[in-house]
There are 2 protein chains.
Amino acid sequence: MTEIEKTLENHQVRPTAMRILIYKYLAEKEVAVALTDIESAFAKAERTTLYRTLKTFEEKKIVHQIDDGTGISKYALCESGCNCEIDQDLHLHFHCNNCNETVCLTEHKIPQIKVPDGFVSENVNLVVKGICDKCSGQ
Amino acid sequence: MTEIEKTLENHQVRPTAMRILIYKYLAEKEVAVALTDIESAFAKAERTTLYRTLKTFEEKKIVHQIDDGTGISKYALCESGCNCEIDQDLHLHFHCNNCNETVCLTEHKIPQIKVPDGFVSENVNLVVKGICDKCSGQ
DNA sequence: TAACTAGTGCAACAGAAGTGCATTTATTGA
DNA sequence: TCAATAAATGCACTTCTGTTGCACTAGTTA
């Protein structure tokens, strides 16, 4: 049994061939991926399967969904630095306006945000937009 | 000539009846509104007109677009506290998980966010989710 | 091996966003 | 004032993302 299979089972997800492939794909990509990205990477597979696989992964805390402001949901593997388990994913995301890619800055935590009296903060989504390291280096 | 007409003209937008109505609607609402909201408020008008009006307003910096993570674009009037003009809209938005409304917290500025070397921050989008003052008071 | 459950494939739908084009309304200049 | 021009609006359609229902297949368990 491979590492990936173990990981999936640890999250109560049965390691089917499809799921292993998708997990591997997500692990190789260093950026957050959209459903369409996976779709084009796995042209042979059905969109619905990929969609439901992502939903399963999300539900089982294998990936976290990212809303980077493009209007398209993206997903990235949860890492050690990602505390999705406690529903408090407090790292920020960076969206590059040039290459259009979104990366997790897991080591950068979101500072404490103060909200007015009466407001109860449950979750914070912070997306920084600009030029990423790859694009700015050119 | 009314206040609204003056405001529109100041932003190089011709004050048509439709635009004045939409502006008035936005001014009355204290929360960010989606296209569909305006649509149902102005059942007689065409969706396209409303859509393009919002786009025009956005382009001319009369409103700013808000991405509150629901996947639906919302819009709110730019106020004195809103520095959309310099493309640095640094106030945060609060999305209520209960009533599903999104408000601008213009008086709450986004703290300085540090990004890793090589990354260039141009814009920051911060959405706090939770329970708003109206809902928490009940 | 039969019964059952989970996973996958196919088709179709919903909602939001966006475009092209014709028509109407407003503005400008002779 | 009226024709020419530009801007705004209305209508029909398209595209894209996300989502669901249903049938079929594979894999698991009694």
Side-chain angles (χ1 to χ4, degrees), chain A residues 1 4-5 7-25 32-60 62-76 95 100 102, chain B residues 1-2 4-25 32-60 62-76 95 100 102:
Chain A
M1 183 181 287
I4 293 179
E5 286 176 74
T7 307
L8 292 181
E9 294 211 329
N10 283 342
H11 288 85
Q12 289 94 45
V13 173
R14 296 211 329 225
T16 67
M18 197 74 250
R19 286 171 176 173
I20 293 170
L21 280 174
I22 295 178
Y23 189 99
K24 205 178 286 182
Y25 176 79
V33 298
L35 178 56
T36 46
D37 298 328
I38 307 184
E39 229 178 307
S40 29
F42 298 91
K44 281 170 286 186
E46 264 314 289
R47 208 167 56 90
T48 317
T49 305
L50 303 174
Y51 169 75
R52 282 197 259 238
T53 301
L54 282 179
K55 282 290 167 196
T56 305
F57 279 10
E58 191 190 355
E59 202 175 310
K60 301 298 185 181
I62 295 174
V63 301
H64 60 268
Q65 190 180 356
I66 301 165
D67 165 37
D68 62 5
T70 57
I72 301 165
S73 294
K74 298 192 177 163
Y75 300 87
H95 178 77
N100 217 32
T102 301
Chain B
M1 182 182 290
T2 70
I4 293 179
E5 286 177 75
K6 270 186 221 163
T7 307
L8 292 181
E9 294 212 330
N10 283 342
H11 288 85
Q12 287 94 47
V13 172
R14 275 162 47 177
T16 66
M18 197 74 249
R19 286 171 176 172
I20 293 170
L21 280 174
I22 294 179
Y23 189 98
K24 206 178 285 180
Y25 176 80
V33 299
L35 178 56
T36 46
D37 297 328
I38 306 183
E39 229 180 305
S40 29
F42 298 92
K44 281 171 285 185
E46 262 315 289
R47 206 173 52 86
T48 318
T49 304
L50 303 173
Y51 170 75
R52 283 198 259 238
T53 301
L54 281 179
K55 283 289 167 195
T56 305
F57 279 10
E58 192 190 354
E59 200 176 310
K60 301 299 185 183
I62 294 173
V63 300
H64 60 269
Q65 190 181 354
I66 300 165
D67 166 38
D68 62 4
T70 57
I72 300 164
S73 293
K74 298 191 176 163
Y75 300 85
H95 177 78
N100 217 33
T102 301

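The model shown is predicted, which means the values in this text are computed figures rather than measured ones. Basis for what follows: all heavy atoms, side chains included, without hydrogens, waters or symmetry-related copies. In what follows, chains carry the letters A, B, and so on, assigned in the order in which the sequence lines appear, proteins first and then strands, with residues in each chain numbered from 1.
As rounded to whole Å, 16 Å separates atom P of D/dA8 from atom CG of B/L21. At whole-Å resolution of the value, CD in B/E9 and C1' in D/dA8 are 15 Å apart. For the pair A/E39 CD and D/dT19 P, the interatomic distance rounds to 14 Å; values are reported in whole Å. Distance B/I22 CD1 to D/dG10 C1': 14 Å, rounded to the nearest Å.
Between A/A34 and B/M18, it is B/M18 whose nearest contact on DNA chain D lies nearer the 5' terminus. Of the two residues contacting DNA chain C, namely B/G71 and B/T16, the nearest-nucleotide position lying further toward the 5' end is that of B/G71.
Each of B/R19, B/K24, B/M18 was scored for a side-chain contact (heavy atoms from CB on, under 4.5 Å) with B/I22, with one residue passing: B/M18.
You can see that DNA chain C meets the heavy atoms of chain A within a 4.0 Å-exclusive cut from C/dA6 to C/dA12, reading 5' to 3'.
Applying the side chain to side chain contact (heavy atoms under 4.5 Å, CB included) criterion to B/E59, with sequence neighbours excluded, gives no partner residue. Scanning for side chain to side chain donor-acceptor pair (under 3.5 Å) contacts around B/T56 gives an empty result, with sequence neighbours left out. Under the side chain to side chain donor-acceptor pair (under 3.5 Å) criterion, B/T70 pairs with B/D68, not counting sequence neighbours. For the side chain to side chain donor-acceptor pair (under 3.5 Å) test, residues two or more places apart in sequence or in another chain that qualify with B/S73 are B/Q65. B/Y25 is linked by a ring-ring contact (aromatic ring centres under 6.0 Å, His included) to B/F42, counting only residues two or more places apart in sequence or in another chain.
Inter-residue side-chain proximity for A/I20 and A/T16 is flagged as unmet; no heavy-atom pair is nearer than 4.5 Å. Two residues are said to be in side-chain contact when any heavy atoms from C-beta on lie closer than 4.5 Å; B/Y23 and B/V63 fail this criterion.
Taking every heavy atom of residues 44-56 of chain B and every atom of DNA chain C, pairs under 4.0 Å involve B/R47, B/T48, B/Y51, B/R52, B/K55, by number.
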At under 4.0 Å between heavy atoms, which parts of nucleotides 25-30 of chain D does protein reach? Answer with one letter per nucleotide, 5' to 3': B base, S sugar-phosphate only, - none. ------

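Atom CG of B/D67 sits about 4.5 Å away from atom CG of A/D67, to the nearest 0.5 Å.
Looking at A/T49, its side chain never comes within 3.5 Å of a backbone N or O of A/A45 through a donor-acceptor pair.
Annotation: salt bridge (Lys or Arg N to Asp or Glu O under 4.0 Å) contacts involving residues 33-58 of chain B, sequence neighbours excluded, comprise B/K55-B/E58.
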